[in-house]
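These notes concern the structure reproduced below.
The figures that follow rest on heavy atoms only: side chains count, while hydrogens, waters and symmetry mates do not. All ligand and atom numbering here is 1-based and tracks the order in the structure.
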Amino acid sequence: MNALVLLGPPGAGKGTVANVLVDKGYKHISTGDILRKQIRMETPVGREAGALIDRGRFVSDAVAVDMIQQLLDSSEPSEKFLLDGFPRTLKQAESFEQLIFSHEVKFDGVILLKCSPEILVERISGRRTCEICGTVYHVKFNPPSRGDVCDIDGSKLVERADDNGEILKERIEVYLKRTAPLVEFYKNRNLLYPIDASMSIEEVRNAVREYVSGH
Ligand code: AP5
């Protein structure tokens with residue numbers, strides 16, 4: 001198995017660049033998407049996660065690590081994963097190192113999307129997501145072609161519950177406190193590939209393509 005990590009603050013564009021890596025054979029695993037599905041299904045994990053996500057907080061490290069352990073336990077050696085949103089704390093990064101070892105995963109690296117808080121706020125406040133297939137749009141930077149419906153399946157576009165002002169502020173603060181230390185952690189391991197994510201969607205995607213072609 002192979003794993004590549006996408007690291008970056010809320011709204012930096014992790015989900016938006018993922019398709020470049022999917023085209024290279026990676027399976028996109030967004031822990032946020034998995035948790036939102038659990039919330040919709042009203043599972044015990046979903047009930048716990050819903051209360052935390054709605055306040056801009058992280059779910060416990062144990063829950064996050066368990067999601068990835070289950071994924072690796074049930075996967076074939078030939079599979080390649082793009083981890084979007086995991087690891088998110090030093091504890092998760094350390095547990096991930098153990099999982100990599102026990103599951104014989106080749107760690108392909110960490111792409112860091114760097115972006116200032118002002119840009120994040122503008123991106124997140126204009127984000128619209130298809131309530132059925134999860135495709136992400138932006139009212140200004142990546143609008144749907146037909147009004148307020150998804151280009152792919154015609155379903156309604158909605159705003160994410162945790163995308164409002166106060167919660168977003170909290171998410172950025174939690175990122176700076178708990179996730180930003182991973183930048184140094186992976187830099188020290190020579191695994192970090194930083195990209196300036198303040199560029200346009202296509203420019204950021206091209207920078208990711210450049211990374212992939214060089215590895
Ligand atoms: P998650 O869903 O992972 O949210 P996030 O990390 O906050 O990231 P986002 O999905 O908000 O942003 P993104 O970087 O993917 O940006 P996007 O591409 O959509 O997690 C949600 C919650 O789940 C967490 O807060 C936490 O509570 C919990 N959780 C998840 N994993 C966890 C873990 N491991 N441990 C503990 N808790 C966990 O782009 C944003 C907008 O900008 C879009 O509208 C897009 O069209 C636009 N855009 C993107 N790129 C550009 C660009 N270059 N130029 C202009 N516009 C752009």
- Hey, is the main chain of D162 close enough, under 3.5 Å, to the side chain of R171 for a donor-acceptor pair? yes

- Between V136 and ligand 1, which part of the residue brings a heavy atom under 4.0 Å of the ligand: side chain, backbone, both or neither? side chain

- Message: Is the contact between M199 and ligand 1 made by the side chain, the backbone, both, or neither, using heavy atoms and a 4.0 Å cut-off?
- Response: backbone

- Query: Any idea which protein heavy atom is nearest atom 13 (P) of ligand 1, and the distance to it?
  - Reply: K14 N, 3.5 Å

- Distance-only donor-acceptor check, side chains S155 and E131, under 3.5 Å: no

- Task: Would you mind reporting whether Y175 and P117 have side-chain heavy atoms less than 4.5 Å apart?
- Result: no

- Task: Decide whether L90 and L99 are clustered together by the hydrophobic rule: side chain heavy atoms of Ile, Leu, Val, Met, Phe, Trp, Tyr closer than 4.5 Å, transitively.
- Result: yes

- Query: Relative to the heavy atoms of Q92, which atoms of ligand 1 are at a distance of less than 4.0 Å?
  - Reply: 33 (C), 34 (N), 35 (N), 36 (C)

- Item | Polar contact flag for R127 and ligand 1 (N/O pairs, less than 3.5 Å) | yes

- Residue pair L52 / R55, side-chain heavy-atom distance below 4.5 Å: yes

- Message: Has K14 got a side-chain atom pairing as donor or acceptor with P9's backbone, closer than 3.5 angstrom?
- Response: yes

- Message: Distance under 4.0 Å to a non-hydrogen atom of V204: what atoms of ligand 1 satisfy this?
- Response: 53 (N)

- Task: Name the option, out of G56, G15, A49, that contains the heavy atom nearest to atom 15 (O) of ligand 1.
- Result: G15

- Task: Can you pull out the closest protein heavy atom to atom 23 (O) of ligand 1? Residue, atom name and distance to 0.1 Å, please.
- Result: I53 CD1, 3.5 Å

- Query: Of all the atoms in ligand 1, which lie at a distance below 4.0 Å from a heavy atom belonging to F86?
  - Reply: 34 (N)

- Under 4.0 Å to a heavy atom of T31 - the qualifying atoms of ligand 1, by number: 30 (C), 31 (N), 32 (C), 34 (N)

- Query: Looking just at side-chain N and O atoms, do E118 and S116 make a donor-acceptor pair shorter than 3.5 Å?
  - Reply: yes

- Item | Numbered atoms of ligand 1 (with element) below 4.0 Å of S200, judged on heavy atoms | 53 (N)

- To which protein heavy atom is atom 44 (O) of ligand 1 closest, and what is the distance rounded to 0.1 Å? Y137 O, 2.7 Å

- Within-cut-off N or O pair, G13 and ligand 1, under 3.5 Å: yes

- Query: Counting distance only, does the side-chain N/O of R128 pair as donor-acceptor with the main-chain N or O of V139 below 3.5 Å?
  - Reply: no

- Message: Does any N or O of ligand 1 fall below 3.5 Å from an N or O anywhere on R171, backbone included?
- Response: yes

- Query: Can you tell which part of Y175 has a heavy atom less than 4.0 Å from ligand 1: side chain, backbone, both or neither?
  - Reply: neither

- Mind checking whether C130 and D153 have side chains closer than 4.5 Å, heavy atoms only? yes

- Message: Under 4.0 Å, heavy-atom basis, I'd like to know which part of T16 is in contact with ligand 1: side chain, backbone, both or neither.
- Response: both

- Item | Close side-chain approach of C150 and I132, heavy atoms under 4.5 Å | no

- Is there at least one pair of N or O atoms, one from G85 and one from ligand 1, spaced under 3.5 Å apart? yes

- Query: When you measure from the side chain of R127 to the backbone N and O of R123, does any donor-acceptor pair fall under 3.5 Å?
  - Reply: no

- Item | atom 12 (O) of ligand 1 [closest protein heavy-atom partner, distance rounded to 0.1 Å] | G11 N, 2.9 Å

- Is any side-chain heavy atom of I68 closer than 4.5 Å to a side-chain heavy atom of F81? no

- Group every Ile, Leu, Val, Met, Phe, Trp and Tyr by side-chain heavy-atom contacts under 4.5 Å, then state whether I34 and F96 land in the same group. yes

- Message: Show the atoms of ligand 1 that are less than 4.0 angstrom away from any heavy atom in R160.
- Response: 1 (P), 2 (O), 4 (O), 9 (P), 10 (O), 11 (O), 21 (C)

- Message: Over 60° means perpendicular and under 30° means parallel, so tell me whether Y186 and F107 are parallel, tilted or perpendicular.
- Response: perpendicular

- Taking a hydrophobic cluster as the set of Ile, Leu, Val, Met, Phe, Trp and Tyr residues connected by side-chain heavy atoms closer than 4.5 Å, whether directly or through intermediates, do M67 and L182 fall within one such cluster? yes

- Query: Within the structure, does R123 bring an N/O atom to less than 3.5 angstrom of an N/O atom in ligand 1?
  - Reply: yes

- I201: heavy atom below 4.0 Å from ligand 1, yes or no? yes

- Note on the structure: Closest to atom 46 (O) of ligand 1 among protein heavy atoms sits H138 CB, 3.4 Å

- How far is atom 38 (C) of ligand 1 from its nearest protein heavy atom, and which residue and atom name does that atom have? R88 CD, 3.8 Å

- Item | Interfacing atoms of ligand 1 (cut-off 4.0 Å, heavy-atom, V59) | 36 (C), 37 (N)

- Task: Would you check whether R36 has a nitrogen or oxygen atom less than 3.5 angstrom from a nitrogen or oxygen atom of ligand 1?
- Result: yes

- Item | Atoms in ligand 1 with a heavy atom of A64 nearer than 4.0 Å | 33 (C), 34 (N), 35 (N)

- Message: Looking only at protein heavy atoms, which one is nearest to atom 27 (O) of ligand 1, and what is the separation?
- Response: R57 O, 2.5 Å

- Can you find a heavy atom in the side chain of E170 that is under 4.5 Å from one in the side chain of R57? yes

- Query: Considering L35, L168, L52, which one's heavy-atom position lies nearest to atom 29 (N) of ligand 1?
  - Reply: L35

- Item | Single hit among V20, I195, L21 for side chain to side chain contact (heavy atoms under 4.5 Å, CB included) with R205 | V20

- Proximity to ligand 1 by part of F141, non-hydrogen separation under 4.0 Å: side chain

- Mind checking whether G126 has an N or O less than 3.5 Å away from an N or O of ligand 1? no

